[in-house]
Amino acid sequence: MVLNNIDEKILRLAKQADKDLENIYSKIDEICLKNSNKILSAFIENKVSYTDFADINGYGNYDTGRDKLEKIFATVLGTEDALVRPQIMSGTNALYLTFTALLKHGDTLISISGAPYDSLQEMVGIIGKSSQSLKSLGVKYEQIDLINNEFDTIKIIERLRKEDVKVVEIQRSRGYSSRKSLTISQIENIIAEIRKVNNKVIIMIDNCYGELVEEREPGHVGADIVVGSLMKNLGGGVASTGGYVAGKSDLIQMVAERLTAPGIGKDLGANFNQNNQFFKGIFMAPNAVKSALKTAIFSSYMLEKLGFDKVSPKYNEPRTDIIQTVELKTKDNLVKFAQGLQESSPIDSFVHVLPAPMPGYPFDEVMAAGAFTQGSTIELSADAPVIEPYTLYMQGGLTQEYGKLGIMLALSKMTKK
């Protein structure tokens, strides 16, 4: 039995964790129930039928299932319309698609949550020499950093009084940074402040890792357009590809025309027999997110009690996404933890994880990802740049039980003399 591979000290601490975390888990259960009710109601309202799972090929015209799916996503995300397609391959792809649809030569993009995630920096043109970066396409880029994990409201408002900015972008999750992820309340407050001085600017949210963690989504608090991946939260661990863009109808039409062609927009795009997985994915998503959150909280508790006090969020802090970070102090700890997580994965458990270069990242990376879907981060995974202070970024866990086992086995590997 796999529990034989878990250190006795880790097992005892895990039993204590179950008692100490009971009240925190119950609050997550409440949010899961409310979000499940929202999604179930959207299914019933849109009269989802078995016939909506039909494989539509070729041009993909007249796919009523796809249309219903996009209405459900719009409802869940608090927006007017949505684009949910297997042709959108990742969160990064969804972001680039949206940026290039909304921004033209001479337009200005401002990130008000600081520097974007590492893999997005070449897309923007901050690093690299891609001829297809936003900078190479003539888009101007500016950023306003957070101050103590809060928006720099004074600087943001001062800049946006000038109506030359086309898009304001907010990255909800932390990425590879020490800052905390942004709450829906923080996003709501800054949107309200922006709208006092500028009604024209498009406010766009990178929603990756944050969906269904809280009761509200950015669309419910005034965001114009929201972007994410189906290999994260809203795919529920069922969708094997895909991404979404949700927002105001006119903006979604622009993005759809960028994906297909002007004059065609949302009408084109075969579903490649993915409708069943996409419907099932969002249906299961609240439970998958609940499990990922409980896994993150469990890992935070265990690591903190084992002396790794630089965990974020702390196990008893509020959460707005599924990411958990910990400073593991040494390269050896970082590599061993990742190896232990990989060895406890259902897929590729035999793979020996070692630091290596990764396309799009400036440093060697260590990555544990034994997932059923390659790149799926709603499944238990972890990655980190191999640089001081050796901070590991964890996310996912399709069930609380599998997540718990994975964390205990990884900790046993790391703490073994």
Does the structure place the NZ or CZ of K331 under 6.0 Å from the centre of the six-membered ring of Y390, at an angle of no more than 45° from the ring's axis?
no
Sidechain-backbone polar pair: R85 side chain, N271 backbone, donor-acceptor under 3.5 Å
no
Heavy-atom donor-acceptor pair, N333 side chain to L328 backbone, under 3.5 Å:
yes
Residues D164, R159: salt bridge by 4.0 Å N-O rule:
yes
Is any NZ, NE, NH1 or NH2 atom of the basic residue among K294 and D29 found under 4.0 Å from an Asp or Glu carboxylate oxygen of the other?
yes
Can you tell whether the side chains of E193 and K196 come within less than 4.0 Å, N to carboxylate O?
yes
Donor + acceptor pair across side chains of K34, N37 (<3.5 Å)
no
K266 and side chain to side chain donor-acceptor pair (under 3.5 Å): which single residue from D63, D67, T260, D81 fits?
D81
Any chance the side chains of S49 and T51 put a donor and an acceptor closer than 3.5 Å?
yes
Between the side chain of S300 and the main-chain N/O of A296, is any donor-acceptor distance below 3.5 Å?
no
Donor-acceptor pair, S344 side chain versus L341 backbone, under 3.5 Å?
yes
Under 3.5 Å, is there a donor-acceptor pair between the S133 and E122 side chains?
no
Side chain to side chain, L77 and Y244, heavy atoms closer than 4.5 Å:
yes
Where the side chain of T108 meets the backbone of K140, is there a donor-acceptor pair that is under 3.5 Å apart?
no
So, do I157 and N198 sit near enough that their side-chain heavy atoms are less than 4.5 Å apart?
no
K104 side chain vs A101 backbone, donor-acceptor pair below 3.5 Å:
yes
Quick one: does Q143's side chain have a donor or acceptor within less than 3.5 Å of a partner on S111's backbone?
no
Any donor-acceptor pair under 3.5 Å from R174 side chain to K180 backbone
no
Donor-acceptor contact below 3.5 Å, side chain Q171 vs main chain P116
no
Taking N35 for its side chain and E214 for its backbone only, find out whether a donor-acceptor pair lies under 3.5 Å.
yes
No-hydrogen, no-angle side-chain donor-acceptor test under 3.5 Å, N207 and R172:
yes
